[in-house]
There are 2 protein chains.
Amino acid sequence: MSLRHAILGLLESAPATGYELTQRFDISLNTAWHARHSQIYPELAKLEEAGLAEVIGEGPRNSRTWAVTDAGRQELRRWLIEVEPSRHQRNETALRWFLVFLLAPDERRAVLERELAYVERQYAELRALGDQFDAEGKTGGFRPVMDLGFGMHETMIAWLRKQIEEAR
Amino acid sequence: MSLRHAILGLLESAPATGYELTQRFDISLNTAWHARHSQIYPELAKLEEAGLAEVIGEGPRNSRTWAVTDAGRQELRRWLIEVEPSRHQRNETALRWFLVFLLAPDERRAVLERELAYVERQYAELRALGDQFDAEGKTGGFRPVMDLGFGMHETMIAWLRKQIEEAR
DNA sequence: TAACGCATGTAATACGTTACATGATTCT
DNA sequence: AGAATCATGTAACGTATTACATGCGTTA
């Protein structure tokens, strides 16, 4: 049940409305987990029922701000430390990079160039968000973007450039 | 419908039984896509119905070997070239590496050391498989393991070592 | 005041996992 | 002969996507 723990983690980093959680899944967590609002709202209701999250405030437009309870924090900690991780992945981008070698070099290069453009744009966006976060001098919680420290984007860009070169 | 195209791609690399496809999902494709036999067999039936795959031979124990049809090859090519990729991912490992900063340094280090041990073991296994494949001098199709060329494992190992050091 | 973005929710459908079920072949 | 592995299939349940549905608050 990773969705549950993703939400607990995002809420522990900072309380949020369901709407804001949806945005954080798109921005912060997009290389790790994905969820839409139609999954998030029902899960928040279940978390409340289980005593793991609670509404700590109401705002305009019937919005409700959620936070993790002590039991929720405990559950998240338990999951991180004790639960054996599932190593399964579903990553359509990686699947395509794997299958692209079935194409003729010309077609392959075209596909890989589209991928390179995407990764470079995404990397630039993440860096801009990270810089913005640092400039605001926020402490505690997450940097908004997980990938900044991972080095994955540089690795992917280097790999794509190499494959494009070799398909020439 | 990535499952469909993952299967078409694996079959284009080499014909296989449903059972062998299940193994290839576990070994070759484990960092890109995951599927169990209970999903693979029904999908093969659908591919046959759609004229994208066909049975090209029967073996012992009622096994049936599947291959891609011309229409299937065309569909795979179309998907790779024309279909806009979905960038959504579900990767529990990445989620955990993101959330691990919510733990106290001691606990975090313990979790990250477990992760490092896992990644190093996986990397060694993948390299062994790749070496074996190269030694057999196979040509055409895939190397069995996608990750060998990607450089992701080195990047992940370096990141984990750095985080473990910083949590000290 | 109209359009846009914020904000929440549900229903139908599709996709994926777990568990159940069975039989064939090979190895010890 | 018995155990292990190969090999296929389905049913029940859980998870995720798409589409439908509604209303509030701000901005042009």
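Proteins come first, then strands; the chains are lettered A, B, ... in the order of their sequence lines, and each starts at number 1.
- Scanning for side-chain hydrogen bond (donor to acceptor under 3.5 Å, both in side chains) contacts around A:S2 gives B:E92, with sequence neighbours left out.
- Looking at residues two or more places apart in sequence or on another chain, you find a side chain to side chain contact (heavy atoms under 4.5 Å, CB included) between B:H88 and A:H34, A:R36, B:S86.
- Contact between the side-chain N/O atoms of A:T17 and the OP1/OP2 oxygens of C:dT8 is found at a separation under 4.0 Å.
- In this structure A:W79 satisfies the ring-ring contact (aromatic ring centres under 6.0 Å, His included) test together with A:H5, sequence neighbours excluded.
- One interatomic measurement links the two molecules: CE of A:M1 to C1' of C:dT18, which rounds to 15 Å at whole-angstrom precision.
- With sequence neighbours excluded, the residues forming a side chain to side chain contact (heavy atoms under 4.5 Å, CB included) with A:R109 are A:D106, A:E113, A:I164, A:A167, A:R168, listed by chain and number.
- In this structure, the side-chain hydrogen bond (donor to acceptor under 3.5 Å, both in side chains) partners of B:D70, at least two apart in sequence or on a different chain, are B:R73.
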>> Using a 4.0 Å heavy-atom cut-off to protein, can you give one letter per nucleotide of nucleotides 22-28 of chain C, 5' to 3': B if the base is in contact, S if only the sugar-phosphate is, - if neither?
In response: --BBS--
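- One axis for each end of the helix from C:dT1-D:dA28 to C:dT28-D:dA1, each built from five base pairs, and the angle between them comes to 30° at 10° resolution.
- Applying the side chain to side chain donor-acceptor pair (under 3.5 Å) definition to pairs two or more places apart or across chains, none involves residues 51-64 of chain B.
- Under the 6.0 Å distance and 45° angle rule, A:R127 counts as a cation-pi partner of A:Y123.
- The side-chain hydrogen bond (donor to acceptor under 3.5 Å, both in side chains) search around A:T65 returns none, not counting sequence neighbours.
- Protein chain A touches strand DNA chain D; the 5'-most and 3'-most nucleotides with an atom under 4.0 angstrom of its non-hydrogen atoms are D:dT15 to D:dT26.
- Counting to the nearest Å, the P atom of C:dT10 and the CZ atom of A:R36 are 19 Å from each other.
- For B:E107 and A:R78, the salt-bridge test fails: no basic side-chain N is under 4.0 Å from an acidic carboxylate O.
- Phosphate proximity of C:dC6 to A:Y19: present, with a side-chain N or O under 4.0 Å from OP1 or OP2.
- Salt-bridge annotation for B:R108 and B:E166: absent, with no side-chain N of the basic residue lying under 4.0 Å from a carboxylate O of the acidic one.
- Contacts between residues 37-52 of chain B and DNA chain D, defined by a heavy-atom separation under 4.0 Å, are made by B:H37, B:S38, B:Y41.
- Partners of A:E43 according to the side-chain hydrogen bond (donor to acceptor under 3.5 Å, both in side chains) rule, which considers only residues two or more places apart in sequence or in another chain, are A:R4.
- Between A:E49 and A:K46 there is no salt bridge, since no side-chain nitrogen of the basic residue lies less than 4.0 Å from a carboxylate oxygen of the acidic one.
- The nearest whole Å value for the distance from the CG atom in B:L29 to the P atom in C:dG16 is 13 Å.
- A distance of 12.0 Å separates CD of B:E165 from CG of B:L112, quoted to the nearest 0.5 Å.
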